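Reviewing the structure listed below.
No experiment lies behind these values; they were computed from the predicted model shown. We count ligands from 1, going down the list as the structure has it; atoms in each ligand are counted the same way.
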Amino acid sequence: MSEQASAAPVVRFAPSPTGRIHIGNARTALFNWLHARRHGGQFILRYDDTDRARSTAEFADAIAADLAWLGIVPDRVVRQSDRFALYDAAAGRLRAAGRLYACYETEEELEYRRRRQLAQHRAPVYDRAALRLSADDRARLEGEGRKPYWRFLLDARTVTWRDGVRGPQHIDCASLSDPVLIRADGSYLYTLPSVIDDIDLGVTDIIRGEDHVTNTGVQIQLFELLGSGAPRFAHHNLLTLPSGEGLSKRLGHLSLAALREQGFEPAAVAALAVLIGTSHSVEPVSDVASLAGKVDLADISHSAAKFDPAELDALNARTLHAMPHEGVAARLAALGVGGGEAFWLAVRGNLTRLAEAREWWGVVTADGGYGRAEDAELLGIAREHLPAEPWDGETWPRWTRAVAAATGRKGRALYHPLRLALTGREQGPELKALLPLIGRVRVLARLDAALA
Ligand code: GLU
């Protein structure tokens with residue numbers, strides 16, 4: 001193993017704070033965070049907020065809150081808007097090296113040239129006309145009120161890297177247009193600040209969506225010019241809807257905020273976001289961090305990660321059904337639900353959302369009963385055979401055996417009237433577990449109400 005490969009990784013998640021993040025962004029954040037956890041590394045949250053008109057502090061805070069909901073607390077937070085001096089210095093170095101040049105073409109002029117190239121069956125690559133401008137030409141253009149924007153002069157070579165997900169990759173930079181790094185208003189596009197920050201923050205692994213594969217050729221050239229070589233790259237497949245459609249920020253109901261609002265478990269959202277489109281099956285996990293022991297970048301498949309939002313309902317239910325009490329104790333308390341572990345173990349198998357525990361807690365603690373029952377005969381006999389306390393998990397089978405012996409009833413004819421009288425519901429958690437929680441006083445009150 002090389003020294004770089006064995007050192008603790010430094011990774012970053014780099015959202016633009018121009019909206020809320022969705023489950024697809026969570027996939028990127030989680031792959032980074034899990035990679036850092038797995039290898040004892042560092043996770044940096046980097047706000048790509050060079051677009052000052054669209055970035056807001058509110059969105060930045062909301063992204064941090066959404067990550068915290070998933071259990072991700074960054075080791076370090078940086079904002080690109082605090083770091084312009086670094087980018088200006090790097091741009092200066094590129095200019096001095098003759099690798100950043102001023103351009104003046106308008107979008108219309110470029111479009112016209114592109115169409116002409118296509119008509120001549122040539123690749124629509126920027127022809128570098130601006131490189132041939134003399135100082136006089138530039139002065140004249142600026143005299144006309146044109147402001148330069150700045151392109152990176154690419155080396156016309158093929159850049160290669162070994163991608164942590166996709167294996168050996170190559171990009172022929174001769175087939176790319178020299179990318180614009182700085183707009184005419186002086187603002188930076190994403191490419192240069194991203195590379196400068198990755199160098200400055202010591203990022204060892206860039207883990208991001210495969211929509212960035214094509215940027216990697218340009219970025220590796222910048223790393224090689226401005227730093228001490230490129231970090232490792234891993235480009236994961238993107239989450240898509242069953243139709244193949246990508247998740248855009250407009251898909252509000254798949255934002256983490258909306259999923260949280262709908263009562264989904266962070267562990268279910270994370271398990272789906274991470275496991276889908278990998279060699280693992282989508283299974284519930286007890287907590288988000290446990291995914292670190294399970295998934296590796298090499299397990300990510302090369303095709304799209306198709307996901308049906310309906311899967312989340314099923315996974316959420318399965319997550320709750322297996323959730324240990326300590327995973328939910330604080331939130332149950334916040335919902336006003338008591339009963340400790342015994343209550344949780346009794347009801348968790350009936351939940352699709354945590355908040356439904358409130359309803360069952362209401363069933364356990366209700367004074368009074370659920371109204372008059374039709375099967376008074378059975379309930380009357382049941383009342384006579386109700387065991388004395390203390391009650392435990394054996395009380396229900398003991399009681400119903402006695403009632404069965406006294407009435408000759410069995411199956412639904414025995415259990416259904418009892419369930420209805422004791423819980424007011426057709427279905428629910430096992431009465432064996434609920435009965436000791438309800439307690440003898442309340443059971444008597446419910447039987448009396450049913451017999452009234
Ligand atoms: N701000 C970029 C994005 O959200 C970051 C891409 C990267 O990770 O390099 O797409």
Give a yes or no on whether the ring-centroid distance for Phe13 and Trp33 is below 6.0 angstrom.
no
Of all pairs that satisfy side chain to side chain donor-acceptor pair (under 3.5 Å), the ones with a partner from residues 343-355, not counting sequence neighbours:
Asp313-Arg353, Thr352-Glu356
Tyr126 pairs by side-chain hydrogen bond (donor to acceptor under 3.5 Å, both in side chains) with which of Arg114, Arg113, Glu105?
Glu105
Quick one: side chain to side chain contact (heavy atoms under 4.5 Å, CB included) partners of Thr56, sequence neighbours excluded?
Glu58, Phe59
According to ring-ring contact (aromatic ring centres under 6.0 Å, His included), who are the partners of Tyr47, at least two apart in sequence or on a separate chain?
none
Give the protein residues with at least one non-hydrogen atom closer than 4.0 Å to an atom of ligand 1, ordered by chain and number.
Arg12, Ala14, Ser16, Asp48, Tyr190, Ser194, Arg208, His212
Identify which one of Asp49, Asp197, Asp51 satisfies the side-chain hydrogen bond (donor to acceptor under 3.5 Å, both in side chains) criterion when paired with Gln80.
Asp197
